[in-house]
2 protein chains.
Amino acid sequence: MKPIKNNRGGVRLGAGRRPGSGLYGEETKVMRVPRSSVSNIKKYLNLSRLNNIDNISLARDEITYNPLVLFEHKVPAGFPSPADDHVEKRLDLNEYLIKKSDATFFVKIKGDSMIDASINDGDIVIIDRSIQAKIGDIVLASVDGNFTIKTLSKHKLKPRLLPANEKYKPIEIDDNTQFELWGVVTGAVRKFK
Amino acid sequence: MKPIKNNRGGVRLGAGRRPGSGLYGEETKVMRVPRSSVSNIKKYLNLSRLNNIDNISLARDEITYNPLVLFEHKVPAGFPSPADDHVEKRLDLNEYLIKKSDATFFVKIKGDSMIDASINDGDIVIIDRSIQAKIGDIVLASVDGNFTIKTLSKHKLKPRLLPANEKYKPIEIDDNTQFELWGVVTGAVRKFK
DNA sequence: CATTTGAATATTGTAACATTAATCAAATAT
DNA sequence: ATATTTGATTAATGTTACAATATTCAAATG
């Protein structure tokens with residue numbers, strides 16, 4: 001009888017599967033959820049995993065109000081100092097970009113798949129889900145598992161998504177297409193420094 | 001010693017807690033989810049439970065709102081906040097985009113000269129005067145009395161302003177040119193609606 | 001007759017488990 | 001000598017098990 005050799009393997013540094021090598025690249029946790037929500041949660045996890053959403057954050061409960069001087073670009077000579085009290089036009093970014101903070105959330109964009117809407121890697125888009133999407137709005141939607149920001153259109157009573165760039169073709173939504181509207185994109189911010 | 005009487009209860013029809021008497025009024029299931037999604041999922045479950053929201057559908061366009069978008073809503077006050085290990089990210093646009101509000105002002109962009117830097121007509125850029133401009137920075141400058149936003153460059157020891165659009169030519173700064181740096185563009189915001 | 005008590009039963013969060021997947025060096029094949 | 005196979009090792013993943021809690025109801029108690 002041949003002896004079974006099993007001196008392969010053994011305790012070795014770095015052996016075995018690597019932490020974070022799972023589906024989500026991070027630690028997981030079990031949680032109890034109602035049965036009817038399981039499929040929605042799975043869909044959400046799939047979408048956020050597969051696509052270019054970096055993270056989703058909410059508006060802070062207590063939003064700051066910090067209006068600063070705004071110049072139109074046609075500023076004439078005699079450019080007034082921002083410290084000048086005579087400058088009448090002031091702007092607050094929260095006020096300017098957020099209408100309903102309860103219904104607003106932010107999505108940090110990963111990758112360049114939304115570049116056709118002038119939205120680049122690292123940008124944060126502002127999404128209001130309290131707005132009923134109308135034809136012509138820029139919307140955040142998922143189409144067959146891919147997040148995209150496109151202009152909502154309609155064709156033969158079916159939704160159609162128009163890119164803001166002629167390089168890309170419109171996306172027709174038929175009955176075989178997974179399609180969900182996540183909200184209306186009301187703005188975008190970018191940080192250079 | 002007193003004998004313990006335990007002839008209370010017993011097998012009785014209808015005894016005990018009722019099925020469906022739980023938080024969600026339906027059967028539950030455990031599922032494994034990434035740790036960073038736990039708080040969002042909890043929030044979503046709380047809200048769909050409290051608001052009795054299923055899928056909101058716009059029959060006309062056959063568009064379905066995914067109920068998970070609801071997690072941008074605030075958790076109602078008084079609702080027991082589970083002690084999450086996960087620190088939830090909340091965003092304040094003023095804090096995110098403005099470092100020194102004393103030295104910051106906004107300029108609304110007209111024209112398409114910065115379109116390659118994804119700064120479009122109508123965008124508002126955020127300018128910090130306290131930052132020392134470096135080569136490569138996008139800056140607000142005045143050249144011969146005209147304000148312009150360009151990328152700062154250098155050519156033969158002289159500053160040069162590069163537009164981010166091939167249609168436009170670089171602006172060379174010589175000794176006869178009035179030139180003043182007003183600040184560094186640290187961010188940009190755009191409003192779609 | 002109202003209140004208390006405790007067995008019965010479901011919910012709920014978490015631990016435990018079995019299965020699958022990934023990793024790497026020794027063993028084997030070419 | 002180099003490539004492939006093998007199997008121990010370790011983590012991920014889905015499910016079950018379990019303990020603690022909550023609810024219900026009739027018997028016991030006052």
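Quick note on labels: first sequence line is chain A, next is B, and so on, each numbered from 1.
Between the P atom of C:dT20 and the CG atom of A:L23 lies a distance of 17 Å, rounded to the nearest Å. A:Y24 has its OH atom 15 Å from the P atom of C:dA21, to the nearest Å. Rounded to whole Å, atom C1' of C:dT14 lies 16 Å from atom CE of B:M31. The nearest whole Å value for the distance from the NZ atom in B:K29 to the C1' atom in D:dT15 is 7 Å. Residue A:E27 contributes atom CD, which lies 11 Å from atom C1' of D:dA11 at whole-angstrom precision. One interatomic measurement links the two molecules: CZ of B:R35 to P of C:dT14, which rounds to 10 Å at whole-angstrom precision.
None of B:T186, B:D137, B:D128 except one satisfies the side-chain hydrogen bond (donor to acceptor under 3.5 Å, both in side chains) rule with A:K193; the exception is B:D137.
Under 4.0 angstrom from either OP1 or OP2 of D:dC25 there lies no side-chain N or O belonging to B:R17. Distances shown here put a side-chain N or O of B:R18 below 4.0 Å from the OP1 or OP2 atom of D:dC25.
Between A:N120 and B:S118, the side chains place a donor N or O and an acceptor N or O closer than 3.5 Å (distance only, hydrogens not considered).
Here the side chains of A:I126 and B:L93 are in contact, with some heavy-atom distance below 4.5 Å. No side-chain heavy atom of B:W182 sits under 4.5 Å from any side-chain heavy atom of B:I127.
Taking for each of B:R32 and B:G22 the nucleotide of DNA chain C with the nearest heavy atom, the 5'-most of the two is the partner of B:G22. Take the nearest nucleotide of DNA chain D for B:S21 and for B:V30: the residue whose nucleotide is more 5' is B:V30.
For A:K191, the NZ atom sits in a packed shell: over 12 heavy atoms of surrounding residues, nucleotides or ligands are nearer than 6.0 Å.
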### Query
Can you check side chain to side chain contact (heavy atoms under 4.5 Å, CB included) on B:K110 and B:D121, steps first, answer last?
CA-CA 5 Å; B:K110 218 164 76 176; B:D121 185 66; 3.8 Å; yes
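When the C1' atoms of four end pairs are superposed on the next four at each end of the helix from C:dC1-D:dG30 to C:dT30-D:dA1, using five pairs per end, the two resulting axes differ in direction by 20°, to 10°.
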